[in-house]
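Protein chains get the first letters and strands the later ones, always in sequence-line order, with residue 1 at the start of each.
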Amino acid sequence: MNSITNTIYLDHAATTPVSAEVLSAMLPYFCNRYGNPSSNYGPGQQAKQAVEHARAQVAAALGCTPQEIFFTSCGSESDNWVIKSTAHRLAAEGKRHLITTAIEHHAVLHSMAALEKEGFTVTYLPVDRYGLVTAQQVQKALRPDTALVTVMYANNEIGTIQPIAEIGAVCQRAGVLFHTDAVQAVGAVPIDVHTQNIDALSLSAHKFNGPKGVGALYLKQGTPLPSLIDGGAQESGRRAGTENVAGIVGLGAAIEFATAQLAEKAKKLTALRDDVIHTLTTALPNVALNGHPTLRLPNNVNLSFEGIEGEGMLMLLDMRGICASTGSACASGSLDPSHVLLATGLPHEIAHGSLRLSFGAQSTLQEAQIACEALLDIVPRLRAMSPVWGDILTGKKASLLR
Amino acid sequence: MNSITNTIYLDHAATTPVSAEVLSAMLPYFCNRYGNPSSNYGPGQQAKQAVEHARAQVAAALGCTPQEIFFTSCGSESDNWVIKSTAHRLAAEGKRHLITTAIEHHAVLHSMAALEKEGFTVTYLPVDRYGLVTAQQVQKALRPDTALVTVMYANNEIGTIQPIAEIGAVCQRAGVLFHTDAVQAVGAVPIDVHTQNIDALSLSAHKFNGPKGVGALYLKQGTPLPSLIDGGAQESGRRAGTENVAGIVGLGAAIEFATAQLAEKAKKLTALRDDVIHTLTTALPNVALNGHPTLRLPNNVNLSFEGIEGEGMLMLLDMRGICASTGSACASGSLDPSHVLLATGLPHEIAHGSLRLSFGAQSTLQEAQIACEALLDIVPRLRAMSPVWGDILTGKKASLLR
Amino acid sequence: MQYSAKVMDHFSNPRNVGELADANGVGEVGNPACGDIMKMYLRIENGVIEEVKFKTFGCGAAIATSSIATEMIKGKPIDEALRLSNKAVIEALDGLPPVKIHCSVLAEQAVKAAISDYYQRQGVDPLPIVGKLADPHACEGGCCTG
Amino acid sequence: MQYSAKVMDHFSNPRNVGELADANGVGEVGNPACGDIMKMYLRIENGVIEEVKFKTFGCGAAIATSSIATEMIKGKPIDEALRLSNKAVIEALDGLPPVKIHCSVLAEQAVKAAISDYYQRQGVDPLPIVGKLADPHACEGGCCTG
Ligand SMILES: Cc1ncc(COP(=O)(O)O)c(C=O)c1O
Ligand SMILES: Cc1ncc(COP(=O)(O)O)c(C=O)c1O
């Protein structure tokens, strides 16, 4: 059972609790070791050492050097920084083309949209029904004026893991900077920036039991990148602002814990995941898995339940203390359902009926079973109210599931 | 005595400890109430309410509405955001001129430098010997193509407080956006954005016993401002990134405490400040106050000690467990001493001999006295080693102090 | 989403769910592609709505507004049911979140669509009585996106 | 600033501080406007540095490098003192932070300037012996900004 009392929290892709170990690593840096790392006296240097220790922890987790790690305030900042600043820098050399995918997080897509407004050209690679892009697609999209390729490591909604090393190799051969938004991947799957040919990588602490409001950008040694936030000489002069020392310490501790437990955690969660998928797809009719069956985050379940809408499912789950997520527009107040689900070719009404369960290090089999039981009750109940489901049952309407 | 054990911390302008009350307000939001404010279920909405409560606390402290407060990751981000995004937005209308002062924080000055590289024109208003600019200077500098005026509320090095309301009135009449970097002022002096004609204001929690890594931008209702960090719909769609809930709660609690205790704290610190200034300037020869004698932050002492250099002072203070700051280049590894001190007309060698003591809510008279006693020992000791001081004593060199 | 207790009640215990085999007026508005569809079944006798049922595919507010709308028109004369405004639906639910306001319009439209259907079946042109209805299947009029 | 224990020792207990009334070689390098000035006083007898004192205005590293440089040349023949390199100064201090490396150059230059002055007072052209010295008062050569 999770620490939000009486709650079964199955939305770890949205955010995770700070683990007790991480919080205890952070605690001294609020009221006691509160020095400014830029200060030369003892307490300042103590804070600086803590920041540098965290930098080494992040570097160790990614297989790079500490000098290649820059702390930011979140995954979104890391994405914005590398995309916008690279585009602006290379525009001077006439490179005004960027490549990404249709299923990126909004931090990437809206950065691209901002650049398009400025006159940049962006290629959005389509994905297959599983949410996959291929290195060949990237290869074909490359142009002489391509400034950057950014492809997310793992998708936050459907959990699909991309062929990062292959895409990185294509970019490396072309001499184009390759960035990956690994916000969902770090702490979940093993990453090595060198063997995977990654030039830049975004991560965010709160996705792996670290605190919210702190992230990092890995940037390959020697890669120029103008600042997004100018000012003081923090982060080797590349990202200004007094360091969030406690947050950075938390990020360092969290990534070290997550990486150490990675294999064990992945094994446990993969079993849990496949169990839940099997239970729900066999016990209920007209349910389909979204995302790839195996090239998938160990903690991600994303299902579409035909004939019903996601917000209602979430509310009925919430009433039982179960936290989940949906790609339905109704839960987000936007016109369209998830751009990710649509990009995989799902019709709108199926996308509206999607549900994401994302497990965490502390999730138990019992929690997963309670959630499944709840859905075995909730889905039929909502379907009984649904005119769409009625039409499918009576054959007036064909099923849209594939 | 401060909570950095055996330390007399007199560098509150650099950063402050998180107060026990603020930390206890934050603590539930790490491991327990860790929901994502964008999530619709209970724990998410609980987090959202905490963020909105903090927004109301910040608004109450500044005299604006909660809808006018946007949380950021630090004062530097707030500065960069309002300056760069306003410039880029108004450039489309042909407004490519900005006005600021010579003594701003680097977050402002380096944002301006970045814009100058893009072809914007920046007027840097000079200051008088006390570090003051006047509304008349702003008035004269305004042009039809001026996009923004930004003048810091109070200077971080010399503590001088600017005539913000008058400058704001000039900008209002001219219809030009007026921003003030109030990172040093919030929690130290009373602020009311309406009566002071402020359109935008930056603040940072760690300067008033809140946590590092969280700040805010006040932006007057109806002011367009493109995002610096694009992505999710957080902060009314203006600043993406999963909210730093614990940090934001800490910012809210800290600003409420600081504002509640403001008058009392200011009275105590002003007395402490003037006592220290009096003690040191009377007991030691060739010492001069930097900044304005009365239009000055209650907690700021900045003195120049002729004939010696600041880093040495800091080191000898540090050996006695006293934390302070200097405008000397030698402490920062830069070629020139503080641009602020130079802008007030101080010769380089006097600027190198500057020392800043900045007190905090918890500072005691005893701590101030220990620091003074230490300086009464340290300054003569360094002067005894200094060929410059020797030459002044023997009359071979004239004093450069005014 | 901050729903009132009333909304939560009608969402979790919706009144009058189902179909009416002997309905003489049936209206359907919304579009599953937009995330919501409301189907309203009426049995009208002597100008009075004797029986009403609904089926809704949609979010919590879609279900709650349908449910309360059926309660508000049940047993009422047609002309009173026609005066059911989305405002009245919102008030009866103790308010709706801003992004969900349009759900109440959808409920109002569903009632009107069912009454129109009733008149049509009676061979009466509904236009002068019910008025012109908005395109019942446009996403812009969707429940969550009004 | 991360100074070695050796630097901290020489900074807080500098050796040979002061002036020499009977110095026969005095060198001054640095510029107070750049934040540092080192003045070195030598009494040279029979080609040997019998006595040495210094005064320094400057940062911790400036004081420490001056101090250790005086120790390293005291009692040494001139030619040995002339071979004092900034590297040797850095090593003797167990290292200096990167931004402070130039302080050691300043200390080396101060010794050379004092020896040049000695030769000049003796009516000997120092150039062939000491070599050309860098502009002793340029900020680029400053202690903290090398
Ligand atoms: C006047 C002023 N502006 C801006 C900043 C930047 O704030 P932060 O370090 O939170 O980015 C500071 C402090 O560092 C400051 O004193
Ligand atoms: C794939 C992906 N990228 C970026 C982000 C943004 O991270 P943050 O909320 O820390 O800015 C998230 C999570 O919100 C994410 O899942």
Say whether, by atom type as modelled, one donor and one acceptor occur between the side chain of [X] and the main chain of [Y] under 3.5 angstrom.
X        : Y        : answer
A:Asn36  : B:Ala14  : yes
B:Asn80  : A:Asp230 : yes
B:Lys212 : A:Tyr34  : yes
B:Asp318 : A:Gly42  : yes
B:His110 : A:Gly231 : yes

Side chain, backbone, both or neither: which part of [X] has a heavy atom under 4.5 Å from chain A?
X        : result
B:Leu228 : both
B:Thr326 : neither
B:Met26  : side chain
B:Ala324 : backbone
B:Glu118 : neither
B:Thr72  : neither
B:Ala246 : neither
B:Ile83  : neither
B:Ser38  : neither

What heavy-atom pair brings B:Val18 and A:Cys31 nearest, and what distance separates the two atoms?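 Distance-wise, the nearest heavy atoms are O-SG, 3.1 Å.
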
Exercise: identify the closest heavy-atom pair between A:Ser73 and B:Glu77: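 In terms of heavy atoms, the two residues are closest at OG-OE1, 4.4 Å.
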
Working to the nearest 0.5 angstrom, can you tell me the gap between B:Cys74 SG and A:Arg239 CZ?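 It comes to 4.5 Å.
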
Gap separating the CG atom of A:Asp79 from the CD1 atom of B:Ile229, nearest 0.5 angstrom: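 That separation rounds to 10.5 Å.
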
Please flag which part of [X] lies under 4.5 Å from any non-hydrogen atom of chain B: side chain, backbone, both or neither.
X        : result
A:Leu27  : side chain
A:Ser325 : neither
A:Glu243 : backbone

Is the ring pair B:Tyr41/A:Tyr9 parallel, tilted or perpendicular, if the boundaries are 30 and 60 degrees?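 Perpendicular: the ring planes of B:Tyr41 and A:Tyr9 meet at over 60°.
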
Can you establish whether the number of heavy atoms outside B:Lys84 located under 6.0 Å from its atom NZ is more than 12?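 Result for NZ/B:Lys84: enclosed.
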
Are any non-hydrogen side-chain atoms of A:Pro43 and B:Thr7 less than 4.5 angstrom apart?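 SC-SC contact between A:Pro43 and B:Thr7 confirmed.
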
Start with the C-alpha distance between B:Ser204 and A:Thr242, add both sets of side-chain angles, then the distance that settles side-chain contact (heavy atoms from CB on, under 4.5 Å), and finish with yes or no. CA-CA 9 Å; B:Ser204 186; A:Thr242 302; over 6 Å; no

